[in-house]
Amino acid sequence: MNAREQASVPHALQAVRAQFPILAQTVRGKPLVYLDSAASAQKPLAVLDAMRAFELHDYANVHRGVHVLAQRATDAFEAARARVAAFLHAHSPKEIVFVRGATEAVNLVAQSFLRPRLRAGDEVLVTAMEHHANIVPWQLVCEPVGATLRVLPMSDTGALDLDALPGMLGPRTRLLAVAHASNVLGTVNDVARITRLAHAHGVPVLVDGAQAVAHLPVDVQLLGCDFYAFSGHKLYGPTGIGALWGRAELLDAMPPYQGGGDMIRSVSFERSTYADAPARFEAGTPNITGAVGLAAAIDFVQGVGWDAIAAHEQALLELAQGELEAIAGLRIYGTTPGKIGVIAFNVEGMHAHDLGTIVDALGVAIRAGHHCAMPLMQRYGVAAMARASLGVYNTADEVHALARAVRKAQAMFAG
Ligand code: PMP
């Protein structure tokens, strides 16, 4: 069976699609084809229902109340933390800090872990394919002290040059920050190997898992890293919630990131003392309903199963790459084996924004722009790329619709 046939086969995942009513609509008079899950995935009914049920029956603020609803809400919030811990194979829920998303997780590590350790002349190692969320937070702490970023290079196909890595790790390297999967190229980086090399030089590793968590199982013990960051909304969960996993001994030694309620042990005007991790990093009322939704999203993906998700997405990816590559003048960026379902491309003679606008008129939602990876755009010498990204709910018909829409856009431009 070739990829096209496989992706067209009635599949257990067709029942999954029915979980996403938002997809069953027409836009601009055409059936909606949603190929922008890398920006934000849609939410299944199970997630929406869990959040609604929580708000209807159990909602209150967490950690502070003695009344029944406060206890129920606290139990739900802490149960969600335990779900995230199990999802990442953390040793303990105490290693999970709830944050707004991957962006806040990286900023937390930059401010609380890195900043106190950073001196003039120190280096932070990032890679050529990082999202701005895994570049700018490091710059914010490097610049004031005179530390610098160094950049691990990559090949044209989108593979990091791991042979160059040992030579870039030195006595001044304070941290290595790398994406588990690229939001542009789809590359899945060999984080376990990267971590081994970094640890051999005593360098801690933060992994930006924003694009990985919806596509492959994550085991922080196997990866061997020190911090792992992700966002709920790329995992079929809500926005405004995500998690930072950090090794307990590192989190325990880190100072607070923000001050406020819930992160203290005692407060006086002279001096305050702080709660243990993770509460120390969760000042203020958290996104309680978001955490409940995130737990439901984890249950959803685990219910579908990683094997089914990977088989479906890989079949669709192969189909999409085949159909797009057959279009004259179309270039795909990122062709490493084992990539996730993210396809960035350009069509000769067309700006990516024009392409995105024309295919939108045909009901096809893709993204066009720099994808918050301007240095990567510069690496390829382009200002922008179009990007189609796959989720568990996409179908072979939608891939055909994408290819048809791109061809039409090309014809309109030529004509
Ligand atoms: N890293 C990568 C690789 C991403 O794709 C994104 C989201 N586009 C982020 C980090 C930031 O995620 P968020 O905006 O949810 O904080």
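Remember, it's 1-based here, ligands and their atoms both numbered in the order they're listed. Sequential numbering from 1 along the given sequence is applied to the chain's residues. In what follows, every heavy atom counts, from backbone to side chain, and hydrogens, waters and symmetry copies are set aside.
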Do any side-chain atoms of residues 174-183 form donor-acceptor pairs under 3.5 angstrom with protein atoms, and if so which ones, sequence neighbours left out?
from	atom 1	to	atom 2	distance (Å)
R174	NE	D122	OD2	3.0
R174	NH1	P171	O	3.4
R174	NH2	D122	OD1	3.4
H180	ND1	Y228	OH	2.8
S182	OG	V184	N	3.1
S182	OG	L185	N	2.9
N183	ND2	H371	O	3.0

Review point. With a 3.5 Å cut-off and no angle check, do the side chains of Q314 and K339 form a donor-acceptor pair?
Key: no

Check your understanding: Which part of R100 is near ligand 1, with near meaning a heavy atom under 4.0 Å away: side chain, backbone, both or neither?
Key -> neither

Exercise for review: Run the contact test for E130 against ligand 1 with a 4.0 Å cut-off on heavy atoms, strictly below, and give the result.
Suggested key: no

Revision key, fill the gap. Looking at V342, T103, V106, N183, the heavy atom closest to atom 11 (C) of ligand 1 belongs to T103

Exercise for review: Taking atom types as modelled, find out whether Y236 and S37 have a side-chain donor-acceptor pair closer than 3.5 angstrom.
Suggested key: no

Check your understanding: Nearest protein heavy atom to atom 4 (C) of ligand 1, by residue and atom, and its distance?
Key -> H131 CD2, 3.3 Å

Review point. Taking non-hydrogen atoms only, is S231 closer than 4.0 angstrom to ligand 1 via side chain, backbone, both or neither?
Key: side chain

Point to revise | Polar contact flag, side-chain donor to acceptor under 3.5 angstrom, T148-E123 | key: no

Check your understanding: ring pair (Phe, Tyr, Trp, His ring centres under 6.0 Å) with H89: which residues, sequence neighbours excluded?
Key -> none

Review point. If hydrogens are left out, which of E104, H132, K234 has an atom nearest to atom 7 (C) of ligand 1, that is, the closest non-hydrogen atom?
Key: K234

**Study point:** Heavy-atom nearest option to atom 2 (C) of ligand 1, drawn from I241, D208, I135
**Key:** D208

Review point. Which of the atoms in ligand 1, numbered in the order shown and given with their element, are less than 4.0 Å from a heavy-atom of A210?
Key: 1 (N), 2 (C), 4 (C), 6 (C), 9 (C), 10 (C)

Practice item. Please determine, by modelled atom types, if H63 and T74 share a side-chain donor-acceptor pair under 3.5 angstrom. Key: no

Practice item. Look only at interatomic distance and state if Q211 has a nitrogen or oxygen under 3.5 Å from any nitrogen or oxygen of ligand 1. Key: yes

Exercise for review: Assess the side chains of R83 and Q302: does a donor N or O sit below 3.5 Å from an acceptor N or O?
Suggested key: yes

